[in-house]
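Just below is one structure, and these are the notes that go with it.
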Amino acid sequence: MKIYLDYGATTPVDKKVFKAMLPYFADKYGNAMSLHSFGREANDAIEKARKQTADFFSADSREIIFTSGATESNNLVIKGVLKAYYSRIHSNLPKISPHSQVPKPHIITTAFEHHCILDACKSAEKESLAEITFISPDKDGLISAESVKKAIKKNTILVSVMYVNNEIGTVQPIREISKIVKSTNGKIIFHTDATQAINYFDCNVNKLGVDLLSMSAHKIYGPKGIGALYVRRNTPIARVQDGGDQEFSKRAGTHNVSGIVGLGEAISQLKAQSAKRKTLVSLRDKLIKKVLEKIPDAKLNGSKKFRSPNNANFTFKNIEGESLILMLDKEGIAASTGSACSTGSLQPSHVLLSIGLKPEEAHGSLRLTLGKHTTKREIEITVKKLKKVIESLRKISGKVLSEYYKNNKA
Ligand code: PMP
């Protein structure tokens with residue numbers, strides 16, 4: 001029996017979604033930009049999906065831009081807003097070059113964003129295009145509106161705070177942050193990466209008070225390689241990919257028609273799933289309770305209260321995350337860790353470090369993310385197998401690891 005507890009990484013495509021997509025591969029294969037009937041058929045399908053997406057966000061269809069996923073949406077936000085700033089989109093002022101004497105713009109984000117936001121910001125900083133403030137979350141993994149307020153400067157043009165953190169599942173007070181941002185300076189653009197939120201939380205962009213919002217279809221039982229960016233009307237953002245005039249000239253490239261159809265179908269089904277939220281919360285709480293009860297030296301990471309219904313993230317003392325994942329996989333359980341070994345150097349999760357975990361604690365982390373197919377029985381089996389695996393790993397590697405950290409102070 002295989003148990004999938006990595007819904008935060010990706011979700012299976014829903015059968016209805018799959019069925020809706022199928023005709024758009026081999027039968028209805030037109031290019032949506034073509035003027036003939038094949039093109040119009042594809043275009044109609046895209047516009048239907050655009051409406052489904054816009055309705056979910058209580059937005060207008062013209063405010064939805066389809067992209068290849070949240071990574072692209074987030075890159076478009078950071079790079080497109082900076083490009084618009086330097087080219088003074090929506091302004092009659094003369095155009096200026098990035099290095100001419102204009103105030104360097106300031107962007108506020110958080111230290112535990114997804115790498116696509118963090119690295120886009122770091123690149124902008126390195127290229128001298130922007131000054132960046134990375135706000136640290138508190139030890140529970142929460143960003144306060146107050147900390148955003150303190151970071152705002154005269155030259156702040158963009159604030160980007162994720163809605164739900166992908167590793168520890170903490171839910172940020174987006175509405176409160178928006179109120180602070182908008183009351184301090186009405187011109188600051190406010191963006192949220194809602195990739196991990198839209199399954200479970202209200203994403204009405206007007207209630208949230210956001211100008212830009214990123215999402216990805218494969219986290220909501222839709223296909224991979226397709227996502228969207230909500231762009232509030234008149235928000236200054238320039239395209240960063242040149243080519244055709246697709247997506248209101250904001251994102252060039254032939255449309256991924258079947259993907260867009262899948263995204264529309266997946267997002268339109270989300271409301272029906274919200275009834276299942278309670279079941280998920282009780283499964284998650286059962287999982288957390290049992291793990292903390294049955295496994296010694298286990299700790300829950302992130303907030304207990306402000307937490308996504310599908311997320312449990314633990315640290316186990318004297319455990320190496322990658323070994324844990326591999327052993328669990330052998331037992332038929334798919335999970336993930338904040339420990340990643342790349343090119344021989346151990347790189348603990350920036351999210352776990354940002355909430356104050358020591359590198360060795362971050363290395364011993366485990367993320368279990370539940371989804372709509374998770375059952376009570378799966379949770380019971382997982383707790384049993386996890387206990388067994390941790391016991392055997394501690395016997396083998398506990399001593400070795402603690403010696404390693406003592407000697408290397410990683
Ligand atoms: N942001 C967050 C919060 C995510 O969890 C992910 C996916 N792990 C991304 C962005 C990137 O999304 P995509 O896979 O669609 O590029």
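One-based numbering, in listed order, for ligands and for the atoms of each. Reckoned from all heavy atoms, side chains included, excluding hydrogens, waters and symmetry mates. Everything numeric in this text was worked out from a predicted model, so none of it was measured.
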Less than 3.5 Å apart, any donor N or O on the side chain of Asn165 or Gln196 sitting next to an acceptor on the other?
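Gln196 and Asn165 do not have a side-chain donor-acceptor pair below 3.5 Å.
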For ligand 1, output the ligand-protein N/O contacts shorter than 3.5 angstrom; if there are none, return none.
unit_1   : atom_1 : unit_2 : atom_2 : d
ligand 1 : 1 (N)  : Asp193 : OD2    : 2.6
ligand 1 : 5 (O)  : Gln196 : NE2    : 2.8
ligand 1 : 8 (N)  : Lys219 : NZ     : 2.8
ligand 1 : 14 (O) : His218 : NE2    : 2.9
ligand 1 : 15 (O) : Ala70  : N      : 2.9
ligand 1 : 15 (O) : Ser216 : OG     : 2.5
ligand 1 : 16 (O) : Thr71  : N      : 3.1
ligand 1 : 16 (O) : Thr71  : OG1    : 2.5

Which residues pass the side-chain hydrogen bond (donor to acceptor under 3.5 Å, both in side chains) test with Lys150, not counting sequence neighbours?
none
Set of residues satisfying side-chain hydrogen bond (donor to acceptor under 3.5 Å, both in side chains) with respect to Ser147, sequence neighbours excluded:
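Applying side-chain hydrogen bond (donor to acceptor under 3.5 Å, both in side chains) to Ser147 gives Ser144.
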Hey, does the Lys NZ or Arg CZ of Arg277 hover above the aromatic six-ring of Phe201, less than 6.0 Å from the centre and inside 45° of the axis?
yes
Could you pull out all donor-acceptor pairs under 3.5 Å where a side-chain atom in residues 30-39 meets a protein atom, sequence neighbours excluded?
unit_1 : atom_1 : unit_2 : atom_2 : d
Asn31  : OD1    : Met33  : N      : 3.0
Ser34  : OG     : Asn31  : O      : 3.3
His36  : ND1    : Phe38  : N      : 3.4
His36  : ND1    : Gly39  : N      : 3.3

Is a salt bridge present between Glu47 and Arg50, judged by a nitrogen-to-oxygen distance below 4.0 Å?
yes
